[in-house]
Amino acid sequence: MSFTVRSLIDLPAATTRSLTPGIGEDRRISWAHVCELAEPWRWLGEGALVMTTGLPVPEAAEDQCAYFEGMHRAGIAAVTIGENMSAPPLAESALEFAAELGFPVLETAYETPFIVLATAVVEAAQEERARRIRSTELMYAALRSHAAEDRIGSLLDELGEVLGCRLSLHAPDRERTGAHGSVERISQQSFATPLLALGKPELRFVFAQDARVDYSLLQHAAGIVSSALSIG
């Protein structure tokens, strides 16, 4: 499972609450960094949790909106501001603006060191890496068990169990021009990629509506199925 804004809020040790309740809580946090600069988006980007004592937070509501918008545009996951530290009062209009953007503004209790939040993010990333490695090992083990062409259905089933989705093979879709190795979204939670195999079939993945998709594992699955078809 990925570490999200909701994960952070739910973590008792983080003592962090949302000032924009219900907003952006599914946004993934991949790393955390203290930044007391006025334009954190110039140094930090996609998936970052910005932690600040509030020094760079402007006083004027209009400038607070610009501060939140800059981070949102850069793909920063969220900002958390130390409670009762250096931030001026946050304008209600600025928080409403952040909510409209879908950008979460958080507040961390004064007594909680930011290292607690950063450590939680690092530990979650390590767990995610271990999970990905284990899933990859299981998929390649499946290839060894179901390499023959007449067992391709069993291979697809086993890969689907590891990935948490349904896999199927289809004739190539001539209307799409996705290159081999690229995974293309064909609907909200359905994906497809062409395979390097006889007839260039297409491998499709269908996930549940709320499932999280790990694209790197889809690439491994495509390579595994291509190998199985070539062996067969």
key: side-chain contact (heavy atoms from CB on, under 4.5 Å) between Val79 and Leu49, worked out   = CA-CA 6 Å; Val79 61; Leu49 170 67; over 6 Å; no
For a quick test of reading the model, state the closest non-hydrogen atom pair linking [X] to [Y] and the distance between them.
X	Y	result
Glu83	Ala109	OE1-CA, 3.4 Å
Ala98	Val105	CB-CG2, 3.8 Å
Ala192	Glu202	CB-CD, 3.6 Å
Leu44	Cys35	CD1-CB, 3.8 Å
Gly24	Pro104	O-CG, 3.8 Å
Gln64	Pro89	NE2-O, 3.1 Å

4.5 Å side-chain heavy-atom contact, [X] and [Y]:
X	Y	answer
Leu117	Val121	no
Thr136	Leu217	yes
Val116	Pro113	yes
Thr20	Phe97	no
Pro56	Tyr67	yes
Arg129	Arg134	no
Val213	Phe205	no
Ile23	Val5	no

Shared hydrophobic cluster for [X] and [Y] (ILVMFWY, side-chain gaps under 4.5 Å):
X	Y	result
Ile81	Ile9	no
Leu37	Leu55	no
Leu163	Ile133	no
Leu169	Val206	no
Met71	Leu90	yes

For the side chain of [X] and the backbone of [Y], is there at least one donor-acceptor N/O pair under 3.5 Å apart?
X	Y	result
Trp41	Gly75	no
Gln209	Gln189	no
Thr4	Ser7	yes

remark   = Sorted by chain and number, sequence neighbours left out, salt bridge (Lys or Arg N to Asp or Glu O under 4.0 Å) with Glu107 holds for Arg17
To the nearest 0.5 Å, tell me how far [X] [atom1] sits from [Y] [atom2].
X	Y	atom1	atom2	answer
Met139	Ile224	CE	CD1	5.0 Å
Ser93	Leu95	OG	CG	8.0 Å
Glu123	Phe3	CD	CZ	9.5 Å
Glu46	Ile76	CD	CD1	9.5 Å
Leu8	Thr80	CG	OG1	6.5 Å
Leu155	Leu143	CG	CG	6.5 Å

query = Step by step, would you call Ser216 with Leu218 a side-chain contact (heavy atoms from CB on, under 4.5 Å)?
reply = CA-CA 5 Å; Ser216 66; Leu218 302 195; over 6 Å; no
query = Hey, is CD on Glu36 packed in by over 12 heavy atoms from elsewhere, all under 6.0 Å?
reply = yes
inquiry  = Are there over 12 heavy-atom neighbours, none belonging to Glu111, within less than 6.0 Å of that residue's CD?
reply    = yes
task = Classify the angle between the aromatic ring planes of Phe68 and Phe103 as parallel (below 30°), tilted (30 to 60°) or perpendicular (above 60°).
result = tilted
inquiry  = If we check side chain to side chain donor-acceptor pair (under 3.5 Å) with Thr108, which of these qualifies: Thr52, Thr53, Thr16, Thr15?
reply    = Thr16
request  = Check which hydrophobic residues are tied to Met85 through side-chain heavy-atom contacts below 4.5 Å, counting indirect links as well, and list them.
outcome  = Tyr110
ask   = Is there a salt bridge (charged side-chain N to carboxylate O under 4.0 Å, His left out) between Arg131 and Glu127 once you walk through the steps?
value = CA-CA 6 Å; Arg131 183 199 63 80; Glu127 291 175 4; over 6 Å; no
task = Go through Trp43 and Val50 one step at a time and tell me if the side-chain contact (heavy atoms from CB on, under 4.5 Å) criterion holds.
result = CA-CA 11 Å; Trp43 292 271; Val50 172; over 6 Å; no
Are the charged groups of [X] and [Y] less than 4.0 angstrom apart, N to O?
X	Y	result
Asp157	Arg166	no
Arg132	Asp214	yes
Glu25	Arg27	no

query = Going through the distances and angles, do Leu19 and Leu106 end up as a side-chain contact (heavy atoms from CB on, under 4.5 Å)?
reply = CA-CA 5 Å; Leu19 302 179; Leu106 314 177; over 6 Å; no
